[in-house]
Amino acid sequence: MNQAIKNKIFSLEKELIAFRRNLHMNPEIAFEEIETTNRIASKLDELSISYQRMNPTGVLAEIKGSYPGKTILLRADIDALPVTELNTSLSYQSKVLNKMHACGHDAHAAMLITAAAALNEVKEDIHGTIRLLFQPAEEIAEGARKMIEQGAIENVDNVFGIHIWSELESGKVSCPPGPSFAAADMLTVRFKGKGGHAAMPHQTVDAAVMASQFVSTIQTIVSREIDPLHPAVVTIGKMEVGSRFNVIAENALLEGTIRTFNNDTREKIESSLSQYAAHLAHLYGGTVEVTYDRKTEPVVNEYKSAQLVQSVAEDAFGKDVVREEPPTMGAEDFGFYMSKASGAFALIGSGNAEKDTCWAHHHGHFNVDEESLKVGAELYAQYALAYLSQSEF
């Protein structure tokens, strides 16, 4: 634990909170984070930290230590959501209609910019390089890939990210080895039959029947084809079938999501979904088109990196701070970085019933206990220094 880092972040707490509130009041959704990017760049200019603007939005900064060594990437996402803020009593309520930071990305960006300020103070003692990535478009699962295409992960040895977590008690840290967030895939199925009058079904091929059979049948993929020790979710969330009460449907559109932690499980489900759709279409005399889109990779904490996060958290904040949150079927595009380099993804608790910050992420009442911000900022910085000093990595 670096005491200079702790002292610096403690001294910057008011600025940290102010920066977060400014972002919260001015939310921008995926790939529209122009002013957010400008605010981050302006702060980096104040700190004399070199950076490049990413396309179309986002910032990649770099702090080079005085000594050679490895390179670590610290990432914070910066986009907001198309959600209406319901916290009308806040002095920093969103100023933009139907947009708000309902997931905590404003907190992530503020924590990382504060960590940057602290790390810049001790760069003469750093062995290696620390990259700071302020990533756009996490909410639509496109930002990480866009940053990777622009070289953000080149020559990086380790990656580390943080997510504020309202289900975890404020100030606590969770980063167990193994699965953390699931891979999220999108399924689109289009059945085509032959429409006709509802009173003459023998002259038709009913797309509604094919779609209904498909929705009910595919649940057996999880219950009968997948190892029960490998969690999986198959959900059809949208169905558009037919046009009128007395017309047999010619077309049916279904959309859904698949969540897995294991890529073998993912492959099996993808294959089975296509087979089920094809067999049902053939059985009823119709046709089908299936599109399976892999939106994110699973977030799986590498063992040594996760152990180091836990060790750093204990040293910096005390043993009672470390928790082990169970994996979630929610998704995070941080997994794309983990497919390129080892690393870890930590949760920082922000749930505090007295401050009304236990609302679910993406809810209009979502808010952050700002006491947790200094914990995240310090964890970013302390982990980076600890990693770069670990010769066994």
For the residue pair [X] and [Y], establish whether any side-chain heavy-atom pair is separated by less than 4.5 Å.
X: His363; Y: Val83; result: no
X: Thr257; Y: Met186; result: no
X: Ile29; Y: Asp79; result: no
X: Val322; Y: Ser174; result: no
X: Ile269; Y: Thr260; result: yes
X: Ser180; Y: Pro327; result: no
X: Val368; Y: Ser350; result: yes
X: Cys358; Y: Ser166; result: no

Which atom of [X] lies closest to which atom of [Y], heavy atoms considered:
X: Arg259; Y: Met329; result: NH1-O, 2.9 Å
X: Glu139; Y: Ala80; result: CG-O, 4.0 Å
X: Asn301; Y: Cys175; result: ND2-SG, 3.8 Å
X: Ala198; Y: Pro201; result: O-CD, 3.6 Å
X: Ala116; Y: Ile49; result: O-CD1, 3.8 Å
X: Ser274; Y: Val290; result: OG-CG1, 3.8 Å

Would [X] end up clustered with [Y] when hydrophobic side chains under 4.5 Å apart are linked, directly or stepwise?
X: Leu379; Y: Leu73; value: no
X: Phe336; Y: Phe134; value: no
X: Met111; Y: Val159; value: no
X: Val189; Y: Val222; value: yes
X: Leu308; Y: Ile162; value: yes

**Asked** Taking atom types as modelled and ignoring hydrogens, do the side chains of Asn158 and Ser305 form a donor-acceptor contact shorter than 3.5 angstrom?
**Response** yes
**Prompt:** Between Tyr276 and Gln213, do the side chains contain an N or O donor and an N or O acceptor separated by less than 3.5 Å?
**Reply:** no
Around atom [atom1] of [X], are there more than 12 heavy atoms from other residues, nucleotides or ligands closer than 6.0 Å?
X: Lys95; atom1: NZ; result: no
X: Arg21; atom1: CZ; result: yes
X: Glu354; atom1: CD; result: no

**side-chain hydrogen bond (donor to acceptor under 3.5 Å, both in side chains) assessment of Asn26 paired with Thr36** = CA-CA 8 Å; Asn26 299 280; Thr36 302; over 6 Å; no
**Prompt:** Would Gln93 and Thr88 count as a side-chain contact (heavy atoms from CB on, under 4.5 Å) if you check the C-alpha gap in whole Å, the side-chain angles of each, and the deciding distance to 0.1 Å?
**Reply:** CA-CA 6 Å; Gln93 179 187 358; Thr88 56; 4.0 Å; yes
Please check this pair: side chain of [X] against backbone of [Y], looking for a donor-acceptor N/O pair closer than 3.5 Å.
X: Ser216; Y: Ser212; answer: yes
X: Glu250; Y: Gly195; answer: yes
X: Thr296; Y: Ala184; answer: yes
X: Asn98; Y: Thr84; answer: no
X: Thr328; Y: Gly330; answer: yes
X: Arg131; Y: Ala152; answer: yes

**Request:** Kindly determine whether Leu90 and Asn367 satisfy side-chain contact (heavy atoms from CB on, under 4.5 Å), including the steps that lead there.
**Result:** CA-CA 10 Å; Leu90 292 180; Asn367 198 11; 3.7 Å; yes
**Item:** Sole candidate of Arg266, Arg145, Lys340 that passes salt bridge (charged side-chain N to carboxylate O under 4.0 Å, His left out) when paired with Glu297
**Value:** Arg266
Would you check if the distance from the ring center of [X] to the ring center of [Y] is below 6.0 Å?
X: His282; Y: His279; value: no
X: Phe191; Y: Phe214; value: yes
X: Phe181; Y: Phe345; value: yes

**Asked** Going through the checks in order, is the salt bridge (charged side-chain N to carboxylate O under 4.0 Å, His left out) test met by Lys123 and Asp125?
**Response** CA-CA 5 Å; Lys123 63 183 178 182; Asp125 300 323; over 6 Å; no
Under 4.0 Å between a Lys/Arg side-chain N and an Asp/Glu carboxylate O for [X] and [Y]?
X: Glu15; Y: Lys43; result: yes
X: Lys319; Y: Glu314; result: no
X: Arg323; Y: Glu325; result: no
X: Lys14; Y: Glu370; result: no

**Message:** Applying salt bridge (charged side-chain N to carboxylate O under 4.0 Å, His left out) to Glu302 and Lys304, what does each step give before you reach the verdict?
**Reply:** CA-CA 6 Å; Glu302 186 263 330; Lys304 286 184 178 180; over 6 Å; no
**Item:** Step-by-step salt bridge (charged side-chain N to carboxylate O under 4.0 Å, His left out) determination, Lys64 to Glu62
**Value:** CA-CA 6 Å; Lys64 287 185 177 293; Glu62 196 164 87; 3.3 Å; yes
**Message:** Evaluate Glu324 against Lys172 for salt bridge (charged side-chain N to carboxylate O under 4.0 Å, His left out), listing each step before the verdict.
**Reply:** CA-CA 10 Å; Glu324 287 201 5; Lys172 305 302 182 184; over 6 Å; no
**Request:** Mind checking ring pair (Phe, Tyr, Trp, His ring centres under 6.0 Å) for His362 and listing every partner two or more places apart, or none if nothing turns up?
**Result:** none
**Message:** Determine whether Glu169 and Asn352 satisfy the following criterion, side-chain contact (heavy atoms from CB on, under 4.5 Å), listing intermediate values before the conclusion.
**Reply:** CA-CA 6 Å; Glu169 182 185 350; Asn352 186 328; over 6 Å; no
**Message:** Once you measure the plane-to-plane angle for His163 and His361, does it fall in the parallel (<30°), tilted (30-60°) or perpendicular (>60°) bin?
**Reply:** perpendicular
**Request:** Look at the aromatic rings of Tyr380 and Phe160 and report parallel, tilted or perpendicular, splitting at 30° and 60°.
**Result:** perpendicular
**Fill in**
Residues passing the side chain to side chain contact (heavy atoms under 4.5 Å, CB included) test with Glu35, sequence neighbours excluded, are Glu28, Asn38, Arg39
**Request:** Begin with the C-alpha distance, continue with both residues' side-chain angles, and end with the deciding distance and a verdict on side-chain contact (heavy atoms from CB on, under 4.5 Å) for Ile113 and Ile40.
**Result:** CA-CA 7 Å; Ile113 201 72; Ile40 292 166; 4.2 Å; yes
